[in-house]
Amino acid sequence: MARKRVAILISGRGSNMVALIDAAQDPSYPAEIVLVVSNDPAAEGLRSAEAAGIRTAVVDHRKFGKDREAFERALQDALNAERIDLVCLAGFMRLLTPWFVRQWEGRLLNIHPALLPAFKGLDTHARALAAGATEHGATVHFVVPEMDSGPIIVQSSIPVLLSDTKSTLAARVLEVEHRIYPDALRRVAEGRVHQP
Ligand code: GRF
């Protein structure tokens, strides 16, 4: 079966992007990363993608002002030009409109650094510590118009340690993220998981 053509959308560091690129180096992996798009021309992840020989594009949201749909149409054009099958959000910090999400229903994945449905939104590690959570982790899910709310594809937890700070917890969760995102993408690309 042909490998699925995947685009990764980033806004920053891109460590999850690198984990996906690394996994897809294996010719038996069912997806290939053909495009990385950033909304921020300064995103560090763009450099890592270029170093890995992946085509990159910048669709700078600031050029579109408040016109989110115009931004997303430009994004859509970049994806269409590469005949993309699946899109992975990896630290992509723009909220997507229902219009865009519907174009990609069942083909749009996101990773969130918490055990959804707990701790949607930002600053999850500090909030997990403040809540006295004994477990924390990461979730890969299909994207629906409501933020951090789509059907879960893979989730994995770690214990919260008494000694944990926001940054030690974030570092351990990031290791989990790098493990589960390639696993989740594999499952979707192989057609083993569908958005209900
Ligand atoms: C990750 O923790 C991801 O779960 C969250 O933003 C962070 C991005 O990190 N959505 P990176 O850019 O993948 O290194």
Side-chain angles (χ1 to χ4, degrees), residues 4-24 31 33-50 52 54-82 84-114 116 119-125 138-154 170 173-174 176-178 180-182 184-185 188-189 195:
K4 299 290 186 202
R5 294 174 63 79
V6 174
I8 306 175
L9 271 49
I10 63 167
S11 299
R13 177 178 60 179
S15 70
N16 279 288
M17 173 205 76
V18 169
L20 293 172
I21 291 172
D22 286 349
I33 313 303
V34 296
L35 179 69
V36 168
V37 185
S38 174
N39 64 297
D40 180 355
E44 197 187 319
L46 285 171
R47 309 288 94 78
S48 319
E50 281 160 13
I54 311 283
R55 184 183 299 270
T56 61
V58 173
V59 182
D60 187 343
H61 66 280
R62 287 166 298 200
K63 292 198 175 139
F64 300 89
K66 286 197 168 35
D67 191 349
R68 281 166 71 194
E69 291 210 2
F71 164 68
E72 291 180 350
R73 277 196 299 275
L75 206 53
Q76 187 75 19
D77 288 346
L79 300 173
N80 288 342
E82 290 293 336
I84 295 302
D85 299 308
L86 298 169
V87 176
C88 291
L89 308 181
F92 183 67
M93 302 306 284
R94 308 300 301 170
L95 287 177
L96 295 165
T97 67
W99 173 80
F100 185 89
V101 171
R102 278 192 207 106
Q103 309 288 316
W104 290 95
E105 195 177 333
R107 301 185 297 146
L108 181 57
L109 284 63
N110 181 45
I111 186 150
H112 183 73
L116 290 174
F119 307 118
K120 297 177 181 182
L122 297 174
D123 217 10
T124 55
H125 308 305
T139 306
V140 182
H141 64 95
F142 286 112
V143 176
V144 296
E146 197 190 333
M147 189 186 66
D148 298 333
S149 296
I152 290 172
I153 303 165
V154 177
V173 169
L174 197 60
V176 171
E177 295 184 45
H178 296 166
I180 68 172
Y181 213 169
L185 177 60
V188 173
Q195 180 161 357

**Student:** Within this structure, what is the CZ-CZ distance for the pair R94 and F100, rounded to the nearest 0.5 Å?
**Tutor:** 13.0 Å
**Student:** Main chain of A43, side chain of S38: is a donor-acceptor contact present, judged purely on distance under 3.5 Å?
**Tutor:** no
**Student:** Consider side chain to side chain contact (heavy atoms under 4.5 Å, CB included). Of V36, L46, V34, which one does I54 pass it with?
**Tutor:**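 Exactly one pass, corresponding to V36.
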**Student:** Just say parallel, tilted or perpendicular for the rings of F71 and F92, cut-offs at 30° and 60°.
**Tutor:** parallel
**Student:** As an exercise, state the distance from CG of L89 to CD1 of I8, rounded to the nearest 0.5 Å.
**Tutor:**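 Reported to 0.5 Å precision, the distance equals 10.5 Å.
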**Student:** Is the closest side-chain heavy-atom distance between V144 and P151 below 4.5 Å?
**Tutor:**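 They are in side-chain contact.
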**Student:** Okay, side chain of R13, backbone of G91: is any donor-acceptor separation there less than 3.5 Å?
**Tutor:** no
**Student:** Once you round to the nearest 0.5 Å, how far does CZ of R73 lie from CG of N80?
**Tutor:**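 Between atom CZ of R73 and atom CG of N80 there are 13.0 Å.
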**Student:** Quick check: closest heavy atoms across I21 and A49, and the distance to 0.1 Å?
**Tutor:**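 So the minimum-distance heavy-atom pair works out to CD1-CA, 4.4 Å.
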**Student:** Measure the shortest side-chain to side-chain distance between W104 and L79 over non-hydrogen atoms and say whether it is less than 4.5 angstrom.
**Tutor:** yes
**Student:** Taking all non-hydrogen atoms of both residues, which atom of A78 and which atom of L35 are closest, and how far apart?
**Tutor:** O-CD2, 3.7 Å
**Student:** Quick one: pull up OG1 in T56 and CZ in R47 and give me the separation to the nearest 0.5 Å.
**Tutor:** 7.5 Å
**Student:** Between C88 and V6, which heavy-atom pair has the shortest distance, and what is it?
**Tutor:**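 Nearest heavy atoms, C88 then V6: SG-CG1, 4.0 Å.
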**Student:** Is a side-chain N or O of R5 found less than 3.5 angstrom from the main chain of E82, in a donor-acceptor match?
**Tutor:**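 Yes, the answer is positive, given that a donor and an acceptor are paired below the 3.5 Å cut-off.
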**Student:** If you compare all heavy atoms of R62 against all heavy atoms of P41, which two are closest, and at what distance to 0.1 Å?
**Tutor:**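 The pair with the smallest heavy-atom distance is NH2-CD, 3.2 Å.
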**Student:** side-chain contact (heavy atoms from CB on, under 4.5 Å) for Y181 and M17? Distances and angles first, verdict last.
**Tutor:** CA-CA 9 Å; Y181 213 169; M17 173 205 76; over 6 Å; no
**Student:** Does a donor on one side chain sit under 3.5 Å from an acceptor on the other, for D40 and S11?
**Tutor:** no
**Student:** Under the side-chain contact (heavy atoms from CB on, under 4.5 Å) criterion, do V140 and V188 qualify, and how do the steps go?
**Tutor:** CA-CA 11 Å; V140 182; V188 173; over 6 Å; no
**Student:** For residues F142 and L109, determine if any side-chain heavy atom of one lies less than 4.5 Å from a side-chain heavy atom of the other.
**Tutor:**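 A side-chain contact exists here, since the closest heavy-atom pair is under 4.5 Å.
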**Student:** If I take atom CD from residue E72 and atom NE2 from residue H61, how far apart are they, to the nearest 0.5 angstrom?
**Tutor:** 12.5 Å
**Student:** Just checking R55: does its CZ atom have more than 12 heavy atoms from other residues, nucleotides or ligands closer to it than 6.0 angstrom?
**Tutor:**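 No.
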**Student:** What are the two closest non-hydrogen atoms of A19 and H178, and how far apart are they?
**Tutor:**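 That would be CB-O, 3.8 Å.
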**Student:** Would the number of heavy atoms belonging to other residues, nucleotides or ligands and lying under 6.0 Å from CE of M93 be above 12?
**Tutor:** no
**Student:** Checking side chain to side chain contact (heavy atoms under 4.5 Å, CB included) against T139, which of D148, I111, L116 comes through?
**Tutor:**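 Single pass found, and it is L116.
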**Student:** Might you point out which heavy atoms bring A138 and E177 nearest each other, and give the distance in Å?
**Tutor:**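 So the two residues come closest at CB-CG, 3.6 Å.
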**Student:** Is I84 close to R107 at the side-chain level, that is, under 4.5 Å between some pair of heavy atoms?
**Tutor:** no
**Student:** Does a donor on one side chain sit under 3.5 Å from an acceptor on the other, for H112 and T124?
**Tutor:** no
**Student:** Rounded to the nearest 0.5 Å, what's the gap from CG on L185 to CG on L20? Could you check?
**Tutor:** 6.0 Å
